[in-house]
There are 2 protein chains.
Amino acid sequence: MMITLTEENYIKAIYHLGKLGTANVSTNAIAKEMETKASSVTDMVKKLSEKAYVDYKKYQGVSLTEKGKAIAVNIVRKHRLWEVFLVEKLNFLWDEVHDVAEQLEHIKSPKLIDELDAFLNFPTHDPHGDPIPDKDGNFSKLDKVKLSKVAVGETCTCVGVEDSSSAFLKYLDNHKIALGSKIEVIAIEPFDESVTILINASKLNISKHVSNNLFVRTN
Amino acid sequence: MMITLTEENYIKAIYHLGKLGTANVSTNAIAKEMETKASSVTDMVKKLSEKAYVDYKKYQGVSLTEKGKAIAVNIVRKHRLWEVFLVEKLNFLWDEVHDVAEQLEHIKSPKLIDELDAFLNFPTHDPHGDPIPDKDGNFSKLDKVKLSKVAVGETCTCVGVEDSSSAFLKYLDNHKIALGSKIEVIAIEPFDESVTILINASKLNISKHVSNNLFVRTN
DNA sequence: AATAATTTTTAGATAACTCTAAAAATATAT
DNA sequence: ATATATTTTTAGAGTTATCTAAAAATTATT
Ligand SMILES: [Mn+2]
Ligand SMILES: [Mn+2]
Ligand SMILES: [Mn+2]
Ligand SMILES: [Mn+2]
């Protein structure tokens, strides 16, 4: 009847994995994402199917039903709003919020999340640049592109990260690259595809990995 | 090794029950408080004893160890700080906060609760007038007394509630009785011990039950 | 002090979630 | 197409927390 914390985490994992492609989400992919065993996933997926959160046929992987998707989007909404709260109000750094948000996203209160949303002035994006769905589950579209796709000579604004690992975020901090930073692409090294950029009025060379994990909006 | 949510709830229940008297807390009392069965309590109490959160001897009830008490006080701290947050920042009424705080009190983050404390300006009391322990577990003392103990002619300030049920709190709201309200005791009816008070510049008669569940500070 | 009533503990089961190891199905390679 | 490799599912078992029913201990009553 009532949805458990574990079920919510599975639904969220299936949601995120489902966005990566068009095919059904495989048992192994879920197992990897959840750091659990494939046999455990099979058991849970059967239960989620019984509860109509996913469509499942043996050996064919799963996909979220509308009911399941609505739950996933609401969890994502809560996760990202809490991340904003932690950074904006409680002095957390953007690499410190994820684990706490993982817990807070499961708090159940009809009123809490909408009041939090209002308290934060209805933010559209979280500290990593990821969009926050509104009450009805609608995402604000923002056409962002990877910095690695920006041509030499173009100017752009940093709006998000693909990789939100602490290691990557700390690298960005150390080099004063933040959401909102203006970046001009000066040169792309043909050899290793590293990119020389102009940021904060100084030149910086970043690796392909970095340029490939930074989202920007071209002006 | 790690403490579970259920263990935390048992420890908190034992803490609250332990404050009511000097004797050990009985299995049945815990069962009633937790809305569970005595046999379940016995099982859990054994586990808590193994983990050194409580002292327990068969048939003799339990009491918290120092380790257990520290955990209980920290949960109380979190519960009450979250209640302040909900009322002060998210427009919750004082009768709406308890269930959400019951969930939020289990969020584990070294940084979160201390930042929240600072964000709220280190409040000493929650929306029901209950004291909030500081980081080190120390409670701010406030000598409050039940309104039913105040003599005729005396003036006092409402500082807390004994009963924090939604029904009682809504009654207080309806009669404009809030924390901080100035109250003068006009008369005590010998027959039913109802009390006539002067509050907000008008007279009001309240039952013994009400006067017995309102804490005041005499000026 | 013996009996009755109450409280507490044990015994045995169940539900949710997990695991390892083995079997079955599917996908890949020859 | 057949054999091989990989993926997925099943079978069986362990853990945590719960329950009912029965046994044991404690407390209250006569
Ligand atoms: Mn996150
Ligand atoms: Mn994020
Ligand atoms: Mn409360
Ligand atoms: Mn309270």
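Everything numeric here is computed off the predicted structure, so don't read it as measured data. Proteins come first, then strands; the chains are lettered A, B, ... in the order of their sequence lines, and each starts at number 1.
Counting only heavy atoms from C-beta on, A:Thr27 has its side chain closest to D:dT9 among D:dC19, D:dT9, C:dT18. Candidate nucleotides C:dT9, D:dT9, C:dT18 were compared by shortest atom distance to the side chain of A:Thr36, and C:dT18 ranks first. Considering only the side chain of B:Tyr56, C:dT9 comes nearest among C:dT9, C:dT18, D:dT10. Minimum atom distance to the side chain of A:Lys37 is reached by C:dC19, of the listed C:dT7, C:dC19, D:dT8. The listed nucleotides are D:dT10, D:dT9, C:dA16; the one nearest the side chain of A:Thr4 is C:dA16.
Atoms CE and CD1, from B:Met44 and B:Ile11 in turn, are 9.0 Å apart once rounded to the nearest 0.5 Å.
Distance B:Leu48 CG to C:dT9 P: 13 Å, rounded to the nearest Å. The separation between A:Met2 atom CE and D:dT18 atom C1' is 17 Å, rounded to whole Å. Between the CD atom of B:Glu7 and the C1' atom of D:dT15 there is a distance of 12 Å, given to the nearest Å. Counting to the nearest Å, the C1' atom of D:dC19 and the CE atom of B:Met44 are 14 Å from each other. In this structure, A:Asn9 atom CG and C:dA16 atom P are separated by 17 Å, rounded to whole Å. The interatomic distance linking B:Asp43 (CG) with C:dA11 (P) rounds to 11 Å, in whole Å. Taking atom NZ of residue A:Lys32 and atom C1' of nucleotide D:dT7, one finds them 15 Å apart after rounding to whole Å. In this structure, B:Ile30 atom CD1 and C:dT7 atom P are separated by 14 Å, rounded to whole Å.
Between A:Tyr59 and A:Ser40, the residue anchored closer to the 5' end of DNA chain C is A:Ser40, taking for each the nucleotide with the nearest heavy atom.
The residue B:Thr42 sits close to a base: some heavy atom pair falls under 4.0 Å. Across all strands shown, A:Ser39 has heavy atoms under 4.0 Å from base atoms, whether or not it also approaches the sugar-phosphate.
A cation-pi geometry, defined here as NZ or CZ lying under 6.0 Å from the six-membered ring centre and within 45° of its normal, does not hold between A:Lys46 and A:Tyr56. Cation-pi contact between A:Lys89 and A:Phe119: present, with separation from the ring centre below 6.0 Å and deviation from the ring axis of at most 45°.
Contact check, B:Lys58 against D:dA24: no side-chain N or O comes under 4.0 Å of OP1 or OP2. Contact annotation: B:Asn28 does not reach the phosphate of C:dT6 (side-chain N/O to OP1 or OP2, under 4.0 Å).
Ring-centre distance between A:Tyr10 and A:Tyr15: not below the 6.0 Å cut-off. Taking the six-membered ring wherever Trp is involved, the centroid distance between the rings of B:His98 and B:His128 does not fall below 6.0 Å.
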